[in-house]
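Okay, so here's the structure we're looking at.
Values below: all heavy atoms of this structure, side chains included; hydrogens, waters and symmetry mates excluded.
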Amino acid sequence: MFKKRSLLLSCLVGGLLLLLVPALTLAAYGDSRTAIGKTYAGDGEDATEAYLDVPQGFSMDIDGNILIADTTNNVIRKINSQTNTIEKYAGTGEFGSQDGFRHYAQLGYPEDVVVDSLGRVFIADTLNNSIRKIDGDNISTIVGDGLSRPKGLMIRGEDLFIADTGNNRVLRTKVNGGPVIEVAGNFDIPTKMTWRGQFIYVLQAGNNSIEQVDLFGQSARERIAGGFADLGGIGVYGTDLYAVAGAQGVWYEVHKVDLTTKETTLVKRQRESELLNWASDLLFKKEVDSDGVVTDVAMHVLYKGGSSIYSMALDGTDQQHVAGKHRYGNEFGARDIALLGRPQALELSADGYKLYISENNKIAEYNLVTNELSEVAGHAMDSYTEGTGSAVRFSDVTDMAASSDGETLYVVDRNNHRIRKLDVTTGTTTYITGAGEINAYNSDNGYQEGGPCPDTFEAGVAGCAYFNRPTGIALSPDESTLYIAEGSGNRIRSVDVDTGYTSHIAGTGEAGNVNGFGPWAKFNGPFTIAIADDGRTLYIADKYNHSIKEINIETKNVTTLVNASGLPGYQEGHVSQAKLFIPEYIEVGADGDIFFSEAGNLRVRAVNVASRHTRLVSGSGTRGLADGDKDTARWTGPKGMAVRDDWLFVTDFYSDRVKLVNLR
């Protein structure tokens, strides 16, 4: 929320000079650059100290080096088998599809990588709908036409198999090139593959089963195992097939399927930890003596949720950490070393010198005077706990609002269905209101107006306030009322700051696109909320109606400010003609401007309330990581915003950055 600030001259001069140091090259309206954060870190270090980002696939070359499809970082990483150090092998980290020298190439969320006996590397470049090949230092696209989000690769002899996931089929070509033919179709979301003899085994993520296909056509296709939860990866050793799974990453499991009897045995089941979270692939590493005799076999498991690799014996014992320091970025300190993890909401302190960032289930503070990032509260492990500092547990803080005294942040804790506050001077959280399930993102927590029930974790208790995944929050100018956008509940509600009691403002709870008197109006995923400086009007980013709505607080009347049709698209102009595509975050600025970020258009835009016209602030509309002028800058996922004088801070979710955009 924009606030007019009166600052001491000395603080103003010193603060502005330090603030502008990273932005001196910004010359025109919409020019952008990184304020803090980086894509990944750890090259040249031990792999256990490096950061991966939701890696989906890995493979081992003939020398025992591990290549990793570091998916969200858009790179292939390599772990040296002798030193366990990690380095970037291919890709710049920027989303794209550029071929050429492997270090300058661009990838688009690669989800698998395999290596043949000659050391050639093949990549399932998932969002580019292609298969890429690295031969020597050159990367080229070898299969592209007709693929849809390929997620798995396998080499069997001279054959390269492709899990053409979006088309629910498995394809085959030669590692040296040649025609692409269909092996089998009608799978249910095929991802990973493995083989033994004449059979290939296909993981079906859609129904959590494993299907056997006879390459010689001598036997019918057969489902050999099923009933898993969130099946992640499969691999064969000897006559056994191993599978890694685990419901929603809460558990991680290793199963063994005897390929002779088709009997399935649970080898290991353990509660998740920070790094052992949501398995995505597995492979086997053999230790061989000088005579070529296998002396030991270790199973390596890749965890996308934990962004890590662990090894263990085939019976699940002797678990060892191989790679991955933490879930997402988690480094505090000076700007040049700081790492963020999935930054979302932003909020400036009242004096304008502290930028609060919700990231990776934590709230961090970026001091604009010292350029230091520090932890305020929270932990990467999502749960619900009130407390202080790293003892606090959140579950997806999507928005925040700051008090004028600089001491309090009010937060919506989305998956905990609660409204909380944080004392930023001590790092201590306090419950305000909300009841029901905690750490639940895929269930309906119900709706009920009421008051605080801090110890109520079941549904439907009389007198308790219930939210269904609240997502947005704004504080009234007199700081007596919090306004809440309830994204999954399709309602706008208010909370009395002192008592924690809630009231209904607008929305029937049913998804729709209906204006009028608030309790009769309909929204479709109202995500965030902002309040006009005079406190009379609420502005809503109505996400799936692709529109900006406004509510007169006194009358509760709901109208559409931008894109009354509700149809998605991109077009600037008068609000009656302008089109939006999945607006998420909204912020009130100066001079009647309202800024909003769009997940669909990958742009930051503004609408002037007085002139009723929209304009582009930043973004070409093409996914990527590129600073520059307003028409060429690229974003991976613009989200939360904060206005400070002539600058707009914006989080870029998948690039783990906060960017700075010139508003002059």
Side-chain angles (χ1 to χ4, degrees), residues 1-3 345 347 397-404 408-414 416-422 430-436 445-454 456 463-510 514-523 525-543 548-559 561 585-588 594:
M1 181 177 68
F2 176 80
K3 301 180 180 68
E347 186 70 10
V397 174
T398 51
D399 206 5
M400 305 177 289
S403 65
S404 60
T408 303
L409 278 179
Y410 299 95
V411 302
V412 281
D413 194 359
R414 184 184 194 181
N416 284 324
H417 309 292
R418 283 160 172 79
I419 312 302
R420 303 164 69 178
K421 67 179 179 179
L422 169 64
T430 306
Y431 166 89
I432 295 178
T433 196
N445 195 51
Y447 163 70
Q448 185 170 286
E449 304 294 354
C453 292
T456 299
C464 296
Y466 287 89
F467 293 91
N468 187 13
R469 301 188 78 218
T471 46
I473 191 168
L475 181 63
S476 64
D478 65 5
E479 304 191 16
S480 66
T481 304
L482 293 167
Y483 296 100
I484 309 298
E486 192 176 10
S488 294
N490 292 308
R491 293 180 177 88
I492 307 301
R493 300 165 66 179
S494 67
V495 176
D496 185 288
V497 170
D498 291 332
T499 67
Y501 277 84
T502 67
S503 298
H504 182 215
I505 296 176
T508 65
E510 180 182 350
V514 178
N515 292 332
F517 180 53
W520 301 343
K522 292 183 180 180
F523 302 94
F527 197 74
T528 57
I529 188 169
I531 189 168
D533 287 341
D534 61 9
R536 297 177 180 177
T537 306
L538 296 174
Y539 300 102
I540 315 297
D542 197 5
K543 186 171 179 176
I548 305 299
K549 299 287 183 74
E550 52 186 348
I551 303 175
N552 182 302
I553 294 177
E554 183 177 352
T555 66
K556 295 186 178 180
N557 191 53
V558 178
T559 56
L561 175 61
Y585 282 82
I586 190 166
E587 179 80 2
V588 175
I594 299 172

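In this structure, the side chains of E550 and T559 come closer than 4.5 Å at one or more pairs of heavy atoms. Taking 4.5 Å as the limit, every side-chain heavy atom of I551 sits out of range of all side-chain heavy atoms of Y483. Put simply, the side chain of I419 reaches to within 4.5 Å of the side chain of V412, judged on heavy atoms.
With values rounded to the nearest 0.5 angstrom, S488 atom OG is found 9.0 Å from F527 atom CZ. Taken to the nearest 0.5 Å, the CD1 atom of I484 stands 9.0 Å off from the CD1 atom of I505. Here I531 contributes atom CD1 and I473 contributes atom CD1; the two are 11.5 Å apart, rounded to the nearest 0.5 Å. Expressed to the nearest 0.5 Å, how far CG of L409 lies from NZ of K421 amounts to 12.0 Å. Between T481 atom OG1 and D498 atom CG the span is 9.0 Å, to the nearest 0.5 Å. Residue N490 holds its CG atom at 7.5 Å from OG1 of T508, rounded to the nearest 0.5 Å.
The closest donor-acceptor contact from the side chain of N445 to the backbone of A435 lies under 3.5 Å. Side-chain N or O atoms of T408 include none that pairs as donor or acceptor with a backbone N or O of S403 at under 3.5 Å. Put simply, the side chain of K556 gets close to the backbone of H504: a donor and an acceptor are under 3.5 Å apart. Q448 places no side-chain N or O within donor-acceptor distance of the main-chain N or O of Y466, the cut-off being under 3.5 Å. Side-chain N or O atoms of T502 include one that pairs as donor or acceptor with a backbone N or O of G450 at under 3.5 Å. A donor-acceptor pair under 3.5 Å is absent between the side-chain atoms of T537 and the main chain of A532, judged by distance alone. Side chain of E347 to main chain of A402: a donor-acceptor pair is present (N/O by atom type, distance under 3.5 Å, no hydrogens or angles). The main-chain N or O of I586 is found under 3.5 Å from a side-chain atom of T528 such that the two form a donor-acceptor pair. Between the side chain of Y431 and the backbone N or O of C453, at least one donor-acceptor pair lies under 3.5 Å. Side-chain N or O atoms of R491 include none that pairs as donor or acceptor with a backbone N or O of A485 at under 3.5 Å.
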Determine, step by step, whether I594 and L561 satisfy the side-chain contact (heavy atoms from CB on, under 4.5 Å) criterion, reporting the C-alpha distance in whole Å, the side-chain angles of both residues, the deciding distance to 0.1 Å, and the verdict. CA-CA 11 Å; I594 299 172; L561 175 61; 4.0 Å; yes

Does the side-chain contact (heavy atoms from CB on, under 4.5 Å) test come out yes or no for Y410 and V495, once each step is laid out? CA-CA 11 Å; Y410 299 95; V495 176; over 6 Å; no

side-chain contact (heavy atoms from CB on, under 4.5 Å) between H417 and N468: does it pass, once the steps are laid out? CA-CA 6 Å; H417 309 292; N468 187 13; 4.3 Å; yes

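When every heavy atom of P526 is checked against every heavy atom of T471, the shortest pair comes out as O-OG1, 3.4 Å.
The environment of Y447 atom OH is dense: over 12 non-hydrogen atoms of other residues, nucleotides or ligands sit within 6.0 angstrom.
Of the listed residues (R420, R469, R418), just one forms a salt bridge (Lys or Arg N to Asp or Glu O under 4.0 Å) with D413, and that residue is R420.
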